[in-house]
**Q** 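Take a look at this one; I'll ask things after.
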Amino acid sequence: MSPKDKKNTANEELAEIIIKTNEGKMGIPEQVRAPYLYEAIISFVAIVIIMGVGIVVFHADPHIPMFIGVVVAALVSMKIGYKWEDIEGMMIHGISMAMQAILILSIVGMMIGVWLLSGTIPTMIYYGLKLLSPSIFLIATVLICSITSLATGTSWGTMGTMGLALIGIAQGIGMPIGPTAGAILAGAYFGDKLSPLSDTTNLAPAMAGTDVFTHVKYMIKATFLAYAIALIFFGIYGYTHATSGNVDTSQAAEIMKTIDGYFNINPVLLLPPIVVILAIAFKIPAIPGITLGVIVGAILAPIFQTDIQIFDPDTLKVDHIGANFGDILNAAMNGLLCNSKLDSVNSLLTNGGLINMASSILMTIMAMMFGGIMEGTRQLETIVNQLLKVVKSGVGLIIATECTCIASNAIMPEQYISILVPGRMYAPAYRKAGIHPKSLSNALESAGTVTSCLIPWNTCGVYIATTLGITASTWIPWAVFNYTMPIVTIALAFLGVTCTKMTKEEQEKANAGELV
């Protein structure tokens, strides 16, 4: 069997596993009718209004507004005819779909705490401040994150390693955090979208009915166009900002001096992120790969940080000098308390720990309760079926697919579901219209993958806020690549670049259920 055939088989198995996971655990009772369109719209509009009012008007945390949305969706489901036991099962199933994300959030929290204690993140920031100048910083940020994400296939791993360090470097050289975060996202999602190692890059063609190599090759034109737009934007902005006199590089030297005085800086401390990147590049799954990084950081902490001051969190007085095993456990649980003489360093390096991920984990649970109900009761499917009645062209299918992916990211807020559900729903419509499955898989990735970070309560949005320590209002306006990608795909669809008809032979294969 050739490598390509093996990859095709893997895609088919992946699709079968996901479909069984979705359908096997929550069969729909026969006596329950399909939801009416107005019922599905009530749930959809309610969550948008409640989340918008709660977050924008009252500046509340998103957890309780999301829970109110869950209540509304549950009430609508009971009106449709579902029993509470069915609804509860859907919520639990929804949470189980995000369990991998929850586990990764937990381990990343531990990793950040341990890497801070070991001096790994301070070392990355220290050398970054030495090497990167303000005029090329944003371009370098995009390229560094692109290479990392292409090599590992994970936007989350890229943001949790390189992204976190680049945020610190930006503070040191006086570069605004918003554009820096946008540049990090551009690189992270560019690689995640194109890397054959990425879960989403394999999931999208599996749902559409094509193979991963055809999928990646087809995505190149639209993706590189959106990427070029992002590079030009960040290149011009970075250079203009650096030469405008608004950049204060004097703080960089002070930050470097403070970090060097508080931690022992050594190139060996760059080993933990290298281990994580290599582990994922060699196809070790994300959870054990990140755990390896935690272990390596824990080993290095007592070896290199023999002079670090460990503070009592209650009294802020020095408890002891030098990192020990107890400090490693505490950093993994509660993060690092940095109490240097420079406030900017303290705010940057007082971070991490499992406890600091609790809010993100709870938000993910609430969001997936809602997503589980919307998936299980077929409310989103009802809206999509209505859309298909008015879609008359291939371009219309591309637009409808992308809109559905974005809506899925908002109302069933998990990146994988925004690919899985629309992919399964639209695949028959594409075959019927004679549109190649690679057009569907490209649309799924162009909207489902990259717009997940634009929804603050999506698991990706929650991860960014917690890992990079910034609010959604900081990064969303600057996510240029993530905005541009779906727009470019739709524009190119009108030119026939991202909307391709099948040949007669390909149509026969698609109708027979074979990969095209």
Side-chain angles (χ1 to χ4, degrees), residues 35 37-49 51-52 69 73 189 193 200 203-204 207-208 219 222-223 226 367 370-371 374-375 378-433 435-461 476 479-500:
L37 179 62
Y38 80 88
E39 292 169 330
I41 291 175
I42 287 174
S43 296
F44 177 75
V45 172
I47 193 67
V48 172
I49 293 175
M51 293 295 288
Y189 279 93
K193 188 174 185 292
T200 58
L203 180 59
M207 291 298 98
M219 287 195 296
T223 304
F370 182 83
M374 295 298 289
E375 163 78 356
R378 298 175 293 176
Q379 292 187 52
L380 180 64
E381 182 180 344
T382 299
I383 297 174
V384 170
N385 288 339
Q386 194 67 27
L387 286 173
L388 287 175
K389 293 180 180 179
V390 299
V391 172
K392 304 297 183 183
S393 66
V395 174
L397 278 174
I398 300 294
I399 295 172
T401 301
E402 295 207 337
C403 290
T404 305
C405 289
I406 295 169
S408 297
N409 269 324
I411 65 178
M412 297 190 295
E414 161 59 46
Q415 184 185 60
Y416 296 113
I417 294 180
S418 72
I419 294 173
L420 168 68
V421 174
R424 288 171 56 193
M425 288 180 180
Y426 283 106
Y430 275 73
R431 286 196 298 271
K432 185 177 179 180
I435 305 299
H436 200 291
K438 63 187 178 183
S439 302
L440 171 58
S441 64
N442 178 59
L444 293 173
E445 281 249 70
S446 296
T449 298
V450 303
T451 66
S452 56
C453 68
L454 302 178
I455 311 297
W457 54 87
N458 187 283
T459 52
C460 294
I476 288 178
V480 178
F481 175 76
N482 306 77
Y483 284 121
T484 306
M485 191 67 254
I487 296 172
V488 166
T489 298
I490 291 173
L492 292 181
F494 283 99
L495 301 176
V497 178
T498 56
C499 184
T500 303

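Start at 1 with the first residue, then count along the sequence.
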**Q** Closest approach of Met207 and Ala427, non-hydrogen atoms and distance?
**A** O-CB, 4.0 Å
**Q** Hey, is the main chain of Leu397 close enough, under 3.5 Å, to the side chain of Tyr430 for a donor-acceptor pair?
**A** yes
**Q** Would you indicate whether the side-chain heavy atoms of Ile398 and Ser439 approach each other to under 4.5 Å?
**A** yes
**Q** Heavy-atom distance under 4.5 Å between the side chains of Val488 and Phe481, does that happen here?
**A** no
**Q** What distance do Cys499 atom SG and Ile490 atom CD1 have between them, rounded to the nearest 0.5 Å?
**A** 11.5 Å
**Q** What distance do Thr223 atom OG1 and Glu445 atom CD have between them, rounded to the nearest 0.5 Å?
**A** 8.0 Å
**Q** For the OG atom of Ser393 and the CD1 atom of Ile399, what is their distance to the nearest 0.5 Å?
**A** 7.0 Å
**Q** Do Thr500 and Ile435 make a side-chain contact, defined as non-hydrogen atoms from C-beta onward lying under 4.5 Å apart?
**A** no
**Q** In Å, rounded to the nearest 0.5 Å, how long is the span from OH of Tyr38 to CD1 of Ile41?
**A** 11.0 Å
**Q** So, do Ser43 and Ile47 sit near enough that their side-chain heavy atoms are less than 4.5 Å apart?
**A** no
**Q** What is the distance from atom CE of Met219 to atom OG1 of Thr489, rounded to the nearest 0.5 Å?
**A** 10.0 Å
**Q** Counting distance only, does the side-chain N/O of Ser441 pair as donor-acceptor with the main-chain N or O of Lys438 below 3.5 Å?
**A** yes
**Q** Less than 4.5 Å apart, any side-chain heavy atom of Glu402 and any of Pro422?
**A** no
**Q** Quick one: do the Thr498 and Asn442 side chains pair a donor with an acceptor below 3.5 Å?
**A** no
**Q** If we ignore hydrogens and angles and just use 3.5 Å, is the side chain of Tyr426 paired with the main-chain N or O of Leu444 as donor and acceptor?
**A** no
**Q** Using a 3.5 Å distance criterion without hydrogens, assess whether the side chain of Ser418 forms a donor-acceptor pair with backbone atoms of Gly448.
**A** yes
**Q** Say whether Ser452 and Asn458, considering side chains only, have a donor N or O and an acceptor N or O under 3.5 Å apart.
**A** no
**Q** Taking side chain as C-beta onward, heavy atoms only, is Pro456 less than 4.5 Å from Ile476?
**A** yes
**Q** Rounded to the nearest 0.5 Å, how far apart are CG of Asn385 and CG of Leu37?
**A** 10.0 Å
**Q** For Val450 and Asn482, which heavy atoms make the closest approach, and how far apart are they?
**A** O-ND2, 2.8 Å
